[in-house]
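These notes are about the structure you will find just below.
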2 protein chains.
Amino acid sequence: MPHCHTFLARLREAGCRITPQRRQVVSVLAHSGRHMTAEEVHRETSASDHIVNLATVYRTLDLLVELGLASRALLGSGSTVYATGEHGPHVHLVCRLCGKVIEMDASKLEGLFNLVKDSYGFVCGPRHFGLSGVCIDCANTEEKVDSK
Amino acid sequence: MPHCHTFLARLREAGCRITPQRRQVVSVLAHSGRHMTAEEVHRETSASDHIVNLATVYRTLDLLVELGLASRALLGSGSTVYATGEHGPHVHLVCRLCGKVIEMDASKLEGLFNLVKDSYGFVCGPRHFGLSGVCIDCANTEEKVDSK
DNA sequence: CTGTTTGCAAAAACTTTGCACGTCG
DNA sequence: CGACGTGCAAAGTTTTTGCAAACAG
């Protein structure tokens, strides 16, 4: 049950009130350890004691993104997903053919983030982003088949 | 008027027909040299001779993404944008506070793409992705103001 | 108490689909 | 010609909004 406290503390710091709904959303997202759609967050929060309205889930996720506690990304074919910056930098390799998502540890990418910072003064938020490409399986398949 | 030919050739290779609409969409996206929403592509194609239906724009953009000729990404607060892989690798630094987008040349990132390839056999498609963070202006502002 | 936050339901925004007609090759 | 692609309009999705009631601090 990792650092929900941290998240809630930063919410409070920002002058936001801590409500059961926000606890729920933060908790679900932080514990999942993965990226989730708003719909999924909604489903999981509803599984517990408090039922959190979908609109509220959206509002809370927006809030988290704005505060830099979570990131929003587009995976595969059009699903918007959210994730906390919890587990350090992560890259999602999204295959544009089969939609599979490989999670890659990005601790080796500190160089990238530093470069960005030094060049532009731009501080990367939750270091979490997606890369589009073709996975090894699809690459193999592609060689044989070549229909539209 | 850069390499539209290349794009069209690859469309044909893939067994797709070359229609005026596809020419238009490809041309607009390739020339713009930036990322655009489907709406924007639609608006610009309509400015020229042929008016391309919005649904067709979506269908064509999907096609380009599927063939790896363009990439789809989520910039700032929820707008899905498309871009060709034309100008070599590019990173978009998206400020989560003001929404500003800085374009960063990513030629120094070959290391990243090679790492991905070697570790997972995953070939990054259009090398074009977004990084979320806080730009230098907002970082300065943030220090003084601290309202919600 | 008082300004935030929520739930609800409706609206807006965005994207996809079915189908008849048009067109590329 | 014949299969593929397009326009149109309608249906789906996903996300946002307005407002009264509920609530944190």
Side-chain angles (χ1 to χ4, degrees), chain A residues 7-28 35-43 45-46 48-67 70-82 99 146-148, chain B residues 7-28 35-43 45-46 48-67 69-70 72-82 99 146-148:
Chain A
F7 288 82
L8 296 175
R10 300 208 21 203
L11 273 180
R12 177 167 289 135
E13 267 174 45
C16 297
R17 290 182 178 170
I18 307 305
T19 65
Q21 290 85 347
R22 287 179 175 165
R23 280 181 202 282
Q24 281 293 117
V25 170
V26 164
S27 165
V28 165
H35 43 266
M36 311 173 79
T37 64
E39 205 22 84
E40 287 171 334
V41 172
H42 175 237
R43 200 175 314 130
T45 55
S46 301
S48 336
D49 9 332
H50 279 279
I51 291 168
V52 182
N53 188 72
L54 180 58
T56 300
V57 170
Y58 275 108
R59 284 186 281 224
T60 306
L61 290 174
D62 282 352
L63 182 60
L64 293 176
V65 171
E66 205 174 292
L67 294 176
S71 63
R72 203 192 334 248
L74 191 63
L75 287 199
S77 47
S79 35
T80 305
V81 293
Y82 297 82
D146 207 297
S147 62
K148 177 235 155 143
Chain B
F7 288 82
L8 296 175
R10 299 206 25 201
L11 272 180
R12 177 166 291 134
E13 266 174 46
C16 299
R17 290 181 179 171
I18 307 305
T19 65
Q21 290 87 347
R22 287 180 176 165
R23 276 178 205 285
Q24 280 294 116
V25 170
V26 164
S27 166
V28 164
H35 43 263
M36 312 173 76
T37 63
E39 239 328 290
E40 286 171 335
V41 172
H42 174 237
R43 201 176 311 132
T45 55
S46 302
S48 338
D49 10 331
H50 278 283
I51 292 170
V52 182
N53 189 72
L54 180 57
T56 301
V57 170
Y58 274 108
R59 284 185 280 222
T60 306
L61 290 173
D62 282 353
L63 182 60
L64 293 176
V65 170
E66 205 174 290
L67 294 176
L69 300 175
R72 204 193 331 248
L74 193 62
L75 286 198
S77 45
S79 36
T80 304
V81 293
Y82 296 82
D146 207 299
S147 61
K148 179 235 152 132

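Predicted model, so just to flag it, every value in this text is computed and none were measured. Every chain is numbered from 1 and lettered A, B, ... according to where its sequence line falls, protein lines coming before strand lines.
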TODO: Please report the C-alpha distance between B/Leu67 and B/Arg10 in whole Å, then the side-chain angles of each, then the deciding distance to 0.1 Å, and finally whether the side-chain contact (heavy atoms from CB on, under 4.5 Å) criterion is met.
DONE: CA-CA 8 Å; B/Leu67 294 176; B/Arg10 299 206 25 201; 5.9 Å; no
Task: Residue-phosphate contact under 4.0 Å: A/Thr56 side-chain N/O, C/dT5 OP1/OP2 - done: no
Open item on the list: Using whole Å, what does the distance between atom P of nucleotide C/dT5 and atom CG of A/Leu64 come to?
Closed with: 12 Å
- [ ] For B/Leu8 and C/dC24, give me the distance from atom CG to atom P, rounded to whole Å.
- [x] 14 Å
Open item on the list: Nearest to the B/Val52 side chain among D/dG5, C/dG25, D/dG7, which nucleotide is it?
Closed with: D/dG7
Open item on the list: Please pick, from C/dT4, D/dT6, C/dT16, the nucleotide with the shortest atom-to-atom distance to any side-chain atom of A/Arg17.
Closed with: C/dT4
Task: Per A/Leu54 side chain, nearest of listed nucleotides C/dT5, D/dC8, D/dT15 - done: D/dT15
TODO: Return the value, rounded to whole Å, for the distance between atom CZ of A/Arg12 and atom C1' of C/dT5.
DONE: 15 Å
Task: Residue whose closest nucleotide on DNA chain D lies nearer the 5' end, A/Glu39 versus A/Asn53 - done: A/Glu39
Open item on the list: Output the rounded distance in Å from CZ (B/Arg43) to C1' (C/dA13).
Closed with: 14 Å
Task: Phosphate-side-chain proximity, B/Thr19 and D/dG5, N/O vs OP1/OP2 below 4.0 Å - done: no
- [ ] Measure the distance from CG on B/Leu74 to C1' on C/dC14 and round it to the nearest whole Å.
- [x] 13 Å
Open item on the list: Does A/Arg59 contact C/dG7 through a side-chain donor or acceptor facing the base, at a distance under 3.5 Å?
Closed with: yes
Task: Residue pair B/Thr19, B/Thr60: steps toward the side-chain contact (heavy atoms from CB on, under 4.5 Å) verdict - done: CA-CA 11 Å; B/Thr19 65; B/Thr60 306; over 6 Å; no
TODO: Using the side-chain contact (heavy atoms from CB on, under 4.5 Å) rule, take B/Val57 and B/Gln24 through it: C-alpha gap first, then chi angles, then the decisive distance, then the call.
DONE: CA-CA 9 Å; B/Val57 170; B/Gln24 280 294 116; over 6 Å; no
- [ ] Please name the pair of heavy atoms, one in A/Ser79 and one in A/Thr37, separated by the smallest distance, quoted to 0.1 Å.
- [x] CB-CG2, 4.3 Å
Task: Separation of atom CG in A/Leu11 from atom P in C/dT6, rounded to whole Å - done: 10 Å
Open item on the list: Taking the minimum atom-to-atom distance to the side chain of B/Gln21, which one of D/dT6, C/dT15, C/dT16 wins?
Closed with: D/dT6
TODO: Show the numbers, then the answer: is there a side-chain contact (heavy atoms from CB on, under 4.5 Å) between A/Val25 and A/Arg22?
DONE: CA-CA 5 Å; A/Val25 170; A/Arg22 287 179 175 165; 5.8 Å; no
- [ ] Write down the distance between CD (B/Gln24) and C1' (D/dT6), rounded to a whole number of angstrom.
- [x] 14 Å
Open item on the list: When you measure from the side-chain N and O atoms of A/Tyr58 to the phosphate of D/dT16, is any distance below 4.0 Å, counting only OP1 and OP2?
Closed with: no
TODO: Select from B/Ile18 and B/Tyr82 the residue whose nearest nucleotide in DNA chain C is closer to the 5' end of that strand.
DONE: B/Tyr82
Task: Nucleotide D/dT6, atom C1' - distance to CD1 of B/Ile51 in whole Å - done: 14 Å
